[in-house]
Number of protein chains: 2
Amino acid sequence: MTSSKVGVRSRADVVAAAGRLFAARGYHGTSMRDLAKELGLIGSSLYSHIESKADLLVEVVEVGAELFQESADRAMATTGDGVARLRALVAGHVDVVLDHRDEVRTFLYEANALDEAHRGKVLAARDRYEHEFRTVLQAGADDGSMRADLDSRTAAIFVLSVLNAIERWYRPGGRLSRPELVEEILHFVMGGIGTDLASSKSA
Amino acid sequence: MTSSKVGVRSRADVVAAAGRLFAARGYHGTSMRDLAKELGLIGSSLYSHIESKADLLVEVVEVGAELFQESADRAMATTGDGVARLRALVAGHVDVVLDHRDEVRTFLYEANALDEAHRGKVLAARDRYEHEFRTVLQAGADDGSMRADLDSRTAAIFVLSVLNAIERWYRPGGRLSRPELVEEILHFVMGGIGTDLASSKSA
DNA sequence: CCTACCGATCGGTAGG
DNA sequence: CCTACCGATCGGTAGG
């Protein structure tokens, strides 16, 4: 927190500001002059810290990808049955989304503004992450802590759909605390909204 | 299906092409020259059909909003208990998403490129739509076809999270047919992935 | 629906 | 980190 007229502290500040703007207006909706203004600079001054706008997007998206991967790594190290590890995955995901909204939004929604090579890397990272969920869900089906006939592929997609949407509606300080949010999600994902009796007889 | 060199048929063709490009590259990632090329025209030729780029986004997004609203209206006219009407809402939503992917994507992800007035209208339309889900979920809780202690506000968000994510992963002609998709969603949403016994005891 | 064109803005560089 | 500047592209108009 130095005086705001002394200049930008580092490349990391530029990347962070880029994350903010990419998340709010999108990559193509953000100009380098917008970004410079956010930092109290003039457009051309950015280029002493970074190489290009495209490079900036790569950095922000990679931060998002790494945060999710690190979270998954920690969760997978959890001991316990499928449900216990799913809880760890969900809680970790919630933390990443709420503590790094800008990078998460950019990771989720701006990846197709990347060049083909980097977009491929990001899609691969998403696949790996989704695969961790599938592994845990299959483990749960096998160890008896989840429905035995569960389709882990589809279930992983559904669970991640709920998790990735969080940043679109959750407001910190609202009626749901963060731990309550985690519980609500687990409750929904594990038990659904049907009665305990009616839940099996659909169609 | 006239010869492709005779020129564009109507304003609706321009709007449809705009939907395609806005969905694929985003509003700010699409130039009027891109759009013209998609129709076999030159940039300036578009302006005999439309007023402005911003206007085009409004039209595409409004089509998306109307499709969802009409679908909800039909579903709400269904007789039956909460579960029956939820089924109708889900099936209708799946149809809208899969039959109008471009307009849906643009509606979901490009609304913040709208001017403030139109963005407000779109957010209001989303709120109305979400409210229909809440109504049906509360009805289900009251009529005994769903869990009695269900929080309809949160549940509506979770169900819509699953539904809105469909266009991000579902591929027609893949391993899941459309009716199977609807059943998978209902099964997940109603019963979750827990065992019938374990589903209640989370935390 | 095209030709010809407009002012504004884009990402980025040279040089200090 | 700024001054001064670049060629390219942007959304859009006049006039036919």
Side-chain angles (χ1 to χ4, degrees), chain A residues 1-22 24-61 106 110 112-119, chain B residues 1-22 24-61 106 110 112-119:
Chain A
M1 298 292 170
T2 45
S3 151
S4 62
K5 256 307 176 49
V6 179
V8 144
R9 283 150 300 208
S10 73
R11 176 188 181 94
D13 296 305
V14 180
V15 175
R20 249 176 284 144
L21 296 193
F22 293 166
R25 314 175 194 176
Y27 177 75
H28 292 302
T30 302
S31 77
M32 293 305 270
R33 286 163 178 87
D34 289 339
L35 175 56
K37 197 178 295 173
E38 176 86 2
L39 292 158
L41 301 176
I42 214 169
S44 58
S45 304
L46 292 169
Y47 292 88
S48 39
H49 297 99
I50 55 131
E51 294 78 55
S52 69
K53 189 187 178 188
D55 183 74
L56 223 33
L57 178 61
V58 168
E59 293 218 35
V60 175
V61 168
T106 306
E110 299 299 321
N112 59 5
L114 289 168
D115 62 283
E116 210 166 341
H118 285 104
R119 187 170 54 248
Chain B
M1 295 293 171
T2 47
S3 150
S4 64
K5 254 306 174 48
V6 179
V8 145
R9 284 150 301 206
S10 72
R11 177 189 181 91
D13 296 306
V14 181
V15 176
R20 249 175 284 144
L21 295 194
F22 292 166
R25 314 177 196 174
Y27 176 75
H28 292 300
T30 303
S31 77
M32 293 307 271
R33 284 160 179 88
D34 290 339
L35 176 56
K37 196 177 295 169
E38 176 85 3
L39 291 158
L41 301 176
I42 213 169
S44 57
S45 305
L46 292 170
Y47 291 90
S48 38
H49 296 99
I50 55 132
E51 294 77 56
S52 69
K53 188 188 181 190
D55 184 73
L56 223 34
L57 178 62
V58 169
E59 293 216 34
V60 175
V61 168
T106 306
E110 299 300 320
N112 59 7
L114 289 168
D115 61 283
E116 210 167 343
H118 286 103
R119 187 170 55 245

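Proteins get letters first, then strands, A, B, ... in listed order; numbering begins at 1 in each.
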Between A:Gly26 and A:Glu110, the two heavy atoms sitting closest are CA-OE2, 3.5 Å

Report task. Kindly say if A:Ser31 contacts the phosphate of C:dT9, meaning a side-chain N or O under 4.0 Å from OP1 or OP2. Result -> no

Rounded to whole Å, CE of A:Met32 lies from P of C:dT13 at a distance of 10 Å

Closest of D:dC2, D:dG12, C:dG11 to the B:Ser52 side chain is D:dG12

Is it true that a side-chain atom of A:Arg33 and a backbone atom of A:Gly43 form a donor plus acceptor pair closer than 3.5 Å? no

note: B:Ile42, atom CD1; D:dG15, atom P; distance rounded to Å ~ 19 Å

Of the listed C:dC5, C:dC1, C:dT3, the closest approach to the B:Ser44 side chain comes from C:dT3

Rounded to the nearest 0.5 angstrom, the OH-CG distance for B:Tyr27 and B:Leu56 is 8.0 Å

Per atom distances to the B:Arg33 side chain, the nearest of D:dT13, C:dC5, C:dG11 is C:dC5

query = Counting heavy atoms not belonging to A:Glu51, are there more than 12 under 6.0 Å from its CD?
reply = yes

Here the distance between atom P of C:dC2 and atom CG of B:Leu39, to the nearest Å, is 11 Å

By the Watson-Crick or G-U definition, both distances under 3.5 Å, C:dG12 is matched with D:dC5

Between NE2 of A:His28 and C1' of D:dC10 the distance, given in whole Å, is 14 Å

note: B:Ile50, atom CD1; C:dC1, atom P; distance rounded to Å ~ 13 Å

Reckon B:Ser48 touches a base, only the sugar-phosphate, or nothing at all at heavy-atom distances under 4.0 Å? base

Smallest heavy-atom separation, A:Thr30 atom then A:Arg25 atom, equals OG1-CB, 3.9 Å

From NZ of A:Lys53 across to P of C:dT13 the rounded distance in Å is 15 Å

Between NZ of A:Lys37 and P of C:dG11 the distance, given in whole Å, is 13 Å

Ranking C:dC2, D:dC2, C:dG11 by distance to the side chain of B:Leu41, first place goes to C:dC2

Between CG of B:Asp34 and P of D:dT9 the distance, given in whole Å, is 11 Å

